[in-house]
Amino acid sequence: MGEPLFGRDALKGELLAALEVRAGLWTLSGAAGVGKSRLARALHDGWTAARHWVDLADVNDVAGLLEAVGLALRIFDADGDGTDFEARVRNALAAREGPLLLVLDDAEHVLDPLCRAVKRWLRAAPELRIVVTSREALALREERLVPVAPLDVEAGTALFEARARAVRGELSPSAEDREVYQEIVAQVDGLPLAIELAAARMRALDAPALRDRLHAPLDLLANGYRADKPRQRSLRSALDVSWERLEADGRAALVVLAALRGSFSLEEASALLGADALTPIDGLLGRSLLQRIDGGARYGMLSVVRAYARERSSAVDVEAALDRLAAWYAERVAAMERGALELARGSLELLAERGARGVGDPAHAARVGVALGHLDRPPHLHVAQLGALLERLPDDEPRLAAEARLARARKLLDLGELGRTLDDVAAARALTDDPACLAQGWLVESRAHYLGGRLEASTEAFETARRLDADSTPPARVMGLAGAIDHAKGASEAAERSARIALRLARASRDQAAEGLALSRLSFLACDRADYDEAEAAIRAALAIHRERGDRRNVARDLCYLGNLERARGHRLRAEEAYREALVILAEVGDRFWASVVEMDLGILQLRHGLAEQADATLRRAYEGARASEGARIQGLIAGYRAMASTELGDADEAAEQLALARTFLQEGDTLYGVLQLQEAFVRRAAPPDLREPPTTDHERTVVELLARRVGRDALQVRRDGRVYELPGEPARESGSDAAAAILVALMDARMHRAGDPCGVDDLFAHGWPGETAQRASRQNRVRVTIAKLRREGLREHLETVPGGYRLAPDRPATWSQAAPPTSAATSSKTDA
């Protein structure tokens, strides 16, 4: 049995089955080094009937072709002049009985004579099967073309490991090693020849060093096995063959197209090459130097082919071609949808980089740079690039300069540099009076004020933007910002309504990015109202969208929300895993603001699980990140949590200092101000202060839970439905009836929101027996009996009769709890009694 056929077994089986039932011509075509010959050898070895292998690597004319085939058939040209030799070969093929397989390897050197010969052979021998390997098709009607693609990562990694083991002997790769192998396979596009040549370098290099040196693949991937054909000993030799077969215009086209990054369309190629781009592209496709991708709508080039072509670029004016492409994009890029921009990302980034270096028309490069701002890019890179482009812009382009400043402002906002963001918005506003441009500036300013904790200024800027653009439907992302402001002000219903509108608008306009953001927001809101199933469904959908789009920044934000969800559910390890994965991504993309948010959430998780020292260190890092990114709201919230951690560690002075700091950042009317009040109660070891309403956000519930733990040894704890309560040092009890539970909830609500005020009899009756009517004496009697029962069941020291009704004693600590119903038989019998 031959060596393993990595990743080709299914294709081999299909081809052998087809050869069994049908005679004719099959051409295995593909790029240099893709493994055509190895697949053909496997077909030859797997064929059970008569077969012949013919190597055409050194054949250049018809005489050589006939000689090679004749040698395989054991027919010799006795006269040496080729007289009637072709007829003898043809007759020998026709005379064979039964199916016959003829494999012609490396046929691209001799395509013209081979085409003529193959047509005659197939007519003469009905049972003949011919398999040809060639980088180019024969272009015969009888031909069945079989494209041979590079290996996928799994098969390529298996090949790499097998070849590395052959040169290194014992090889026991770890999971981390195999990840590096996968990176190497991806860097060489899954080409088997390149993989084998790379693995041969494992004699002298370890895998990480090999990976890091693959920026120059043609120099590294050389010196193959001595037994191989010369063209198989290095990638450069293999590609030399293809280069020599190109005409001058094909070579020039290959060099120009190699200057691009990523895939390109026919329209882009025409901008580079001229109106008749289809002819050279068709020629490069035919020689397997280009591939059709994305369903055939775009073209791609293997990285090793691109590296080879760039080595040949000295005789071609590539810069002039790129100038033409920049001018072509400058006319179209403003109207391109996000999906089209994403497809063209490689070319656009190349053109923007040229412009930032001072090459080409600055206005063309600036328009490209502005458009790139709609894509997920490292913000520090984009800020620096737009800065360089702005310096080159002439004074007669004020509108373009304004757009560039707004594009930079959006990226500065991602970095959390709120001051510079507002400076750029103000500068843009001074350059143009265009309403659409001004509206975008006000929206950026609104976001900056929101992150800075200035909610009234944020609302004012938002409304200004809406007035400037009042005639158009608010886009999905505008509604998303509206929802964020509403949520910060405590208008949860309005926030959710805005988020759902944003989701509908995003789906109607097929804006996947906006759809993902809307789903993230809906998940956040669902988690706030403790609807964890809905929160999980939304965040999983958002993650799928952002991962598919390669939007790593929003993947990190989604992971933060997922961590919050798992934290709320009590899954510490799952939450920590999500947070740490998010922090890795945010460090790579340079988003300091969101990194501080995730660090804060990780610190909260540690607080909830009693890890006060770890929480204190984590929250300190979070605060420093928030301060660097000028996020005032988040600074205030983190300072409050730092006060809680300091309290747990017994540092009362630090706790007081952090609370004072938090108050400088958070304003009344902000939902986070209510959280700050709870944090202050935690530090004072006091009962929770008055809230707008019972805890409605994840932060409020978190602090209430921690507060309940802190005061719980001395406090009455009541479950939110009133059915279960717990006295200090005693097991949980049941309230015993629907009416008692409802009355206890009413008394607790009054205790939490207006401590000291009584609940009247009529009010308690309405809670305990909703919808019923009764005489006043009957109402008083029912309430009195229920209160007496609660006192007998342990609440005597907590329930007070005062003028105007009843109340829970304001000087005794009480808090809400998450207690489960008691299950002991003793408790049950006592309640029944």
Side-chain angles (χ1 to χ4, degrees), residues 11-30 35-148 229 241 245 286-288:
L11 180 56
K12 170 192 169 184
E14 293 172 8
L15 288 173
L16 283 174
L19 289 166
E20 286 283 352
V21 299
R22 181 180 297 176
L25 169 65
W26 279 263
T27 300
L28 309 183
S29 68
K36 302 181 293 295
S37 296
R38 183 168 295 150
L39 176 58
R41 175 60 74 178
L43 294 175
H44 174 272
D45 294 346
W47 183 253
T48 56
R51 63 193 183 186
H52 295 290
W53 178 275
V54 182
D55 187 349
L56 302 179
D58 298 322
V59 172
N60 297 302
D61 54 27
V62 65
L65 168 66
L66 293 173
E67 181 181 354
V69 176
L71 183 62
L73 296 174
R74 300 187 182 280
I75 301 171
F76 304 98
D77 186 5
D79 298 330
D81 59 2
T83 305
D84 294 330
F85 188 54
E86 193 280 331
R88 292 174 59 200
V89 170
R90 184 172 68 249
N91 292 336
L93 292 170
R96 298 295 176 101
E97 293 185 3
L100 171 65
L101 176 64
L102 184 66
V103 180
L104 306 175
D105 188 37
D106 261 345
E108 57 263 14
H109 311 276
V110 65
L111 284 182
D112 290 340
L114 179 61
C115 288
R116 293 190 294 271
V118 164
K119 288 176 69 71
R120 290 193 289 268
W121 295 345
L122 290 174
R123 281 198 298 268
E127 289 296 307
L128 178 61
R129 280 86 167 148
I130 300 177
V131 172
V132 174
T133 71
S134 173
R135 299 177 200 181
E136 303 176 41
L138 274 65
L140 296 175
R141 288 190 179 89
E142 297 86 351
E143 183 178 36
R144 294 173 181 84
L145 197 61
V146 182
V148 181
K229 302 171 185 177
V241 176
R245 291 187 56 78
R287 288 171 171 80
S288 301

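Being a predicted model, the structure only gives us computed values, none of them experimental.
- Considering all non-hydrogen atoms of both residues, Cys115 and Leu140 come closest at O-CD1, 3.9 Å.
- The side-chain heavy atoms of Asp112 and Leu114, taken from C-beta on, include no pair separated by under 4.5 Å.
- Closest of all the heavy-atom pairs between Ile75 and Ala92 is CD1-CB, 3.0 Å.
- Within 6.0 Å of the CG atom in Asp61, the count of heavy atoms belonging to other residues, nucleotides or ligands exceeds 12.
- With contacts defined as side-chain heavy-atom distances shorter than 4.5 Å, the pair Trp121/Val89 qualifies.
- From Arg90, atom CZ reaches atom CG of Leu73 across 13.0 Å, with rounding to the nearest 0.5 Å.
- Not a single ring-ring contact (aromatic ring centres under 6.0 Å, His included) links His52 to another residue, sequence neighbours left out.
- Taking 4.5 Å as the limit, some side-chain heavy atom of Leu15 sits within range of a side-chain heavy atom of Leu28.
- Using a 4.5 Å heavy-atom cutoff, the side chains of Leu104 and Val131 are not in contact.
- With rounding to the nearest 0.5 Å, the separation of CD1 in Ile130 from CG in Leu101 is 9.5 Å.
- Listed by first then second residue, pairs satisfying side-chain hydrogen bond (donor to acceptor under 3.5 Å, both in side chains) with a partner in residues 18-27 read Thr27-Glu143, not counting sequence neighbours.
- Closest of all the heavy-atom pairs between Pro99 and Ala49 is O-CB, 3.8 Å.
- The minimum heavy-atom distance between Val132 and Leu138, with the atom names listed, is CG1-CD1, 3.9 Å.
- Between Glu86 and Arg120, at least one side-chain N (NZ, or NE/NH1/NH2) sits under 4.0 Å from a carboxylate O, which counts as a salt bridge.
- Here the shortest heavy-atom pairing between Ser37 and Thr133 reads OG-OG1, 4.2 Å.
- Between the CD atom in Glu136 and the OG atom in Ser29 there is a gap of 10.0 Å [rounded to 0.5 Å].
- Counting heavy atoms from C-beta outward, Arg129 and Leu100 have side chains that stay 4.5 Å or more apart.
- Looking at Leu102 and Arg51, their side chains never come closer than 4.5 Å, going by heavy atoms from C-beta outward.
- Of all heavy-atom pairs spanning His109 and Leu56, the tightest one is CD2-O, 3.8 Å.
- Taken from CG in Asp106 to NZ in Lys36, the straight-line distance is 7.5 Å, to the nearest 0.5 Å.
- With sequence neighbours excluded, the residues forming a side-chain contact (heavy atoms from CB on, under 4.5 Å) with Arg41 are His44, Asp45, Trp53, listed by chain and number.
- With a 4.5 Å cut-off on side-chain heavy atoms, Glu127 and Arg96 do not count as touching.
- Leu25 places a side-chain heavy atom less than 4.5 Å from the side chain of Leu122.
- For Glu108 and Arg245, the salt-bridge test fails: no basic side-chain N is under 4.0 Å from an acidic carboxylate O.
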